[in-house]
K.L.:
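The structure that follows is given in the form of structure tokens.
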Amino acid sequence: QVQLVESGGGLVQAGGSLRLSCAASGRTFRFYTMGWFRQAPGKEREFVAAISTGGGSSRYLDSVKGRFTISRDDAKNTMYLQMNSLKPEDTAVYYCAADGGVVLKTTGYKYWGQGTQVTVSS
């Protein structure tokens with residue numbers, strides 16, 4: 001079992017920035033492909049970003065490319081999502097996920113955090 005805990009969400013004005021963190025338990029973090037997903041009211045949960053073991057490769061939802069950056073610090077068992085130039089349409093609950101075999105799909109991940117709310121006001 002792996003426990004994932006997100007933090008860093010909150011309320012921010014359009015154009016502002018937030019950095020989300022996902023802290024993982026255990027000593028196997030470095031072996032996990034990691035991802036971020038989000039779900040807005042009335043919409044399906046969607047892929048946002050993913051990062052490979054070792055951090056050498058990353059993928060992004062098209063609408064966040066150039067604004068969001070995913071990273072990881074294996075020594076701290078932590079993954080991050082730096083979100084810049086935030087827009088109201090980024091408002092959602094953001095979830096971290098671990099051990100992704102199919103990185104773009106929710107069903108591809110084995111472990112999930114509880115989610116953190118990000119609200120972007122206009």
K.L.:
Judged by atom type as modelled, is there a donor-acceptor pair below 3.5 Å linking the side chain of Asp74 to the main-chain atoms of Phe29?
P.N.:
no
K.L.:
Tell me, do Gln13 and Leu86 make a side-chain contact under 4.5 Å, heavy atoms counted?
P.N.:
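Of all side-chain heavy-atom pairs linking Leu86 with Gln13, none is under 4.5 Å.
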K.L.:
Would you indicate whether Glu89, at its atom CD, is surrounded by more than 12 heavy atoms from other residues, nucleotides or ligands within a distance under 6.0 Å?
P.N.:
yes
K.L.:
Taking NZ, NE, NH1 and NH2 as the nitrogens, is one of them in Asp62 or Lys65 under 4.0 Å from a carboxylate oxygen of the other?
P.N.:
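Here Asp62 pairs with Lys65 in a salt bridge, since their nearest N and O are under 4.0 Å apart.
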K.L.:
Under 3.5 Å, which donor-acceptor pairs link side chains of residues 2-11 to any protein atom two or more places apart or in another chain?
P.N.:
| from | atom 1 | to | atom 2 | distance (Å) |
| --- | --- | --- | --- | --- |
| Glu6 | OE1 | Gln114 | N | 3.0 |
| Glu6 | OE1 | Gln114 | NE2 | 3.2 |
| Glu6 | OE1 | Gly115 | N | 2.9 |
| Glu6 | OE2 | Cys96 | N | 2.8 |
| Glu6 | OE2 | Gly115 | N | 3.2 |

K.L.:
Do Trp36 and Val93 share a hydrophobic cluster, counting only Ile, Leu, Val, Met, Phe, Trp and Tyr and linking them when any side-chain heavy atoms are less than 4.5 Å apart?
P.N.:
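Result: no, two separate clusters.
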K.L.:
Parallel, tilted or perpendicular: which describes the rings of Tyr109 and Phe37, with under 30° parallel and over 60° perpendicular?
P.N.:
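It falls in the perpendicular class, over 60°.
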K.L.:
Evaluate the side-chain proximity of Asp90 to Met83: yes if any heavy-atom separation is below 4.5 Å, no if none is.
P.N.:
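Contact flag for Met83/Asp90 side chains = no.
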K.L.:
Is the terminal nitrogen or CZ of Arg59 (NZ for Lys, CZ for Arg) located under 6.0 angstrom from the six-membered ring centre of Phe47 and within 45° of that ring's axis?
P.N.:
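Ring-cation test returns no.
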K.L.:
Any chain of hydrophobic side-chain contacts (each under 4.5 Å) joining Val118 to Tyr60?
P.N.:
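They do share one cluster, since a chain of ILVMFWY contacts under 4.5 Å joins Val118 to Tyr60.
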K.L.:
Specify whether Phe68 and Tyr94 have parallel, tilted or perpendicular ring planes, treating 30° as the upper limit for parallel and 60° as the lower limit for perpendicular.
P.N.:
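Judged by the thresholds at 30° and 60°, the geometry between Phe68 and Tyr94 is tilted.
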K.L.:
Say you draw a straight line from NZ of Lys110 to OH of Tyr32; how long is it, rounded to the nearest 0.5 Å?
P.N.:
7.5 Å
K.L.:
If hydrophobic clusters are built from ILVMFWY residues whose side chains come within less than 4.5 Å, do Val64 and Leu18 share one?
P.N.:
yes
K.L.:
How many angstroms lie between atom CD1 of Ile51 and atom OG1 of Thr33, to the nearest 0.5 angstrom?
P.N.:
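Here the rounded value is 9.5 Å.
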K.L.:
Do Val12 and Val48 belong to the same hydrophobic cluster, where Ile, Leu, Val, Met, Phe, Trp and Tyr are linked whenever their side-chain heavy atoms lie under 4.5 Å apart, directly or via other members?
P.N.:
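Hydrophobic grouping puts Val12 with Val48.
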K.L.:
What are the two closest heavy atoms between Ser17 and Gln82, and how far apart are they?
P.N.:
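Shortest heavy-atom contact: CB-NE2, 4.0 Å.
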K.L.:
Once you round to the nearest 0.5 Å, how far does OG1 of Thr106 lie from CD of Glu44?
P.N.:
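Answer for the OG1-CD pair, Thr106 versus Glu44, is 9.0 Å.
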K.L.:
Which value, rounded to the nearest 0.5 Å, describes the distance between Ser122 atom OG and Lys87 atom NZ?
P.N.:
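Going from OG on Ser122 over to NZ on Lys87, the span is 14.0 Å.
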K.L.:
Specify the closest pair of heavy atoms between Ser85 and Arg67, including all atoms of both residues, with the distance to one decimal.
P.N.:
O-NH1, 3.1 Å
K.L.:
Can you give me the closest heavy-atom contact between Thr78 and Ser21, atom names plus distance?
P.N.:
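Looking at all heavy atoms of both residues, the closest pair is CG2-CB, 4.2 Å.
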K.L.:
Rounded to the nearest 0.5 Å, what separates atom CZ in Arg72 from atom CZ in Arg30?
P.N.:
10.5 Å
K.L.:
Rounded to the nearest 0.5 Å, what separates atom CG in Asp73 from atom CE in Met79?
P.N.:
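It is 12.5 Å, given to the nearest 0.5 Å.
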